[in-house]
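Below you'll find the structure, written out as structure tokens, and then a few comments.
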2 protein chains.
Amino acid sequence: MDDQERRSMPLFSIGTVKKLTELTARQIRYYEEHWLITPERTEGNQRLFSFNDVDKLLEIKDYLDKGLNLAGIKLLLNEDTSLKEETTKKEKDLSKTQLRKVLKQELNDAGRYGKTTLRQGELARFFVKY
Amino acid sequence: MDDQERRSMPLFSIGTVKKLTELTARQIRYYEEHWLITPERTEGNQRLFSFNDVDKLLEIKDYLDKGLNLAGIKLLLNEDTSLKEETTKKEKDLSKTQLRKVLKQELNDAGRYGKTTLRQGELARFFVKY
DNA sequence: TTTTTATGTAAGAAAACCTCACATATACTT
DNA sequence: AAGTATATGTGAGGTTTTCTTACATAAAAA
């Protein structure tokens with residue numbers, strides 16, 4: 001079992017993830033609905049989250065604090081993971097173009113400080129050997 | 001947050017622990033009843049297990065396979081943790097005496113091979129940086 | 001043989017979670 | 001400014017998971 005497997009093992013109920021991320025269940029489900037995360041399910045259809053999922057949620061939270069919208073965050077998250085996989089150059093260029101458009105709006109904002117609550121980065125890096 | 005804290009954070013539902021350890025809920029609860037583990041509880045009284053708990057359960061499973069009984073296993077588990085804490089010499093000697101008595105029976109057994117199912121040792125060592 | 005140990009199973013209740021729907025504040029678009 | 005989209009709150013009704021308690025039982029110990 002390698003690190004990637006460990007990080008993607010379905011381990012946590014939504015209750016635990018709520019505590020870990022300080023997000024509401026509504027938010028977590030909404031982000032799933034929009035494909036920012038794709039947690040597994042139990043046989044009875046209950047969500048089971050991995051370290052990777054929790055990390056993404058913490059990232060989402062962080063980016064939201066900085067004023068990004070979900071569309072932009074989705075691109076950033078994909079950017080992160082797609083860089084670790086093999087992606088055609090075309091796709092990456094497309095992403096970057098769209099990304100810049102979204103980020104431009106961020107620059108015109110410049111307000112808001114990241115009121116980092118608990119851990120706003122990388123839970124798995126905190127927990128999982130790699 | 002140090003490693004000990006990480007390892008003792010209440011994270012997992014009993015459902016997850018069942019999958020992780022391949023023990024039945026009955027077994028897990030029984031071991032708690034006999035103080036081999038002491039998982040936390042949610043506000044609504046549902047058990048929440050830590051990496052340490054899961055590790056102990058895997059140890060318990062391993063020792064049971066080797067023919068030890070719960071009394072002996074409990075001493076071994078305490079032995080493990082008490083060595084890391086400060087204990088009076090008296091207490092330790094007492095434990096060791098009792099322990100030997102229990103282990104004697106193990107020696108007269110000598111059968112049974114540990115049919116190591118998934119991970120029979122140290123889940124936290126597998127998951128948690130330390 | 002009787003007792004103890006470790007586990008199975010079932011019932012009834014409570015907690016946690018599910019989806020769906022509607023409400024709403026804030027941010028965009030025109 | 002008015003209308004639309006985004007992100008989240010809230011509540012209802014239903015399902016899944018977990019809880020405790022109690023009784024049953026095979027294997028081991030006394």
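Every chain is numbered from 1 and lettered A, B, ... according to where its sequence line falls, protein lines coming before strand lines.
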Can you tell me how far [atom2] of [N] sits from [atom1] of [X], to the nearest Å?
X	N	atom1	atom2	value
A:K18	C:dA16	NZ	P	9 Å
B:K66	D:dA28	NZ	C1'	21 Å
B:E40	D:dC19	CD	P	14 Å
A:K74	D:dA7	NZ	C1'	14 Å
A:R41	C:dC18	CZ	P	6 Å
A:N69	C:dC28	CG	P	8 Å
B:L48	C:dA16	CG	C1'	11 Å
A:Q46	C:dA15	CD	C1'	11 Å

Would you say that [X] contacts [Y] through its side chain, given a criterion of any heavy-atom pair below 4.5 Å between the two side chains?
X	Y	value
A:L70	A:L64	yes
B:N52	B:Q4	yes
B:P39	B:E32	yes

Residue whose closest nucleotide on DNA chain D lies nearer the 5' end, A:L70 versus A:T42: A:L70

Smallest separation among heavy atoms of A:M9 and B:L20, with atom names: CE-CD1, 3.6 Å

Salt bridge check: are A:D62 and A:K66 linked by an N-O gap of less than 4.0 Å? yes

So, are A:R6 and A:D3 salt-bridged, with charged N and O less than 4.0 Å apart?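 So A:R6 pairs with A:D3 through a salt bridge.
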
Should we count CD of A:E33 as having more than 12 external heavy atoms under 6.0 Å?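 Enclosed: over 12 neighbouring heavy atoms sit under 6.0 Å from CD of A:E33.
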
Check this one for me: any side-chain N or O of B:N45 less than 4.0 Å away from OP1 or OP2 of C:dA15? no

Looking at B:S13, I'd like to know whether one of its side-chain N or O atoms comes within less than 4.0 Å of OP1 or OP2 on D:dT18.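 So the side-chain polar atoms of B:S13 do come within 4.0 Å of the phosphate oxygens OP1 or OP2 of D:dT18, strictly under.
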
If hydrophobic clusters are built from ILVMFWY residues whose side chains come within less than 4.5 Å, do B:L23 and B:V54 share one?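 Both belong to a single hydrophobic cluster.
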
Starting from the first five and the last five pairs of the helix from C:dT1-D:dA30 to C:dT30-D:dA1, work out the angle between the resulting helix axes, to 10 degrees.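 The angle separating the two end axes equals 30°.
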
Quick one: on DNA chain C, does B:G44 or A:F49 contact a more 5' nucleotide (nearest heavy atom)?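 Nearest-nucleotide comparison on DNA chain C picks B:G44.
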
Distance from B:L48 atom CG to B:R41 atom CZ, nearest 0.5 Å?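 Here the rounded value is 9.5 Å.
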
Tell me, which of residues 23-36 of chain B have any heavy atom that sits under 4.0 Å from an atom in DNA chain D? B:R29

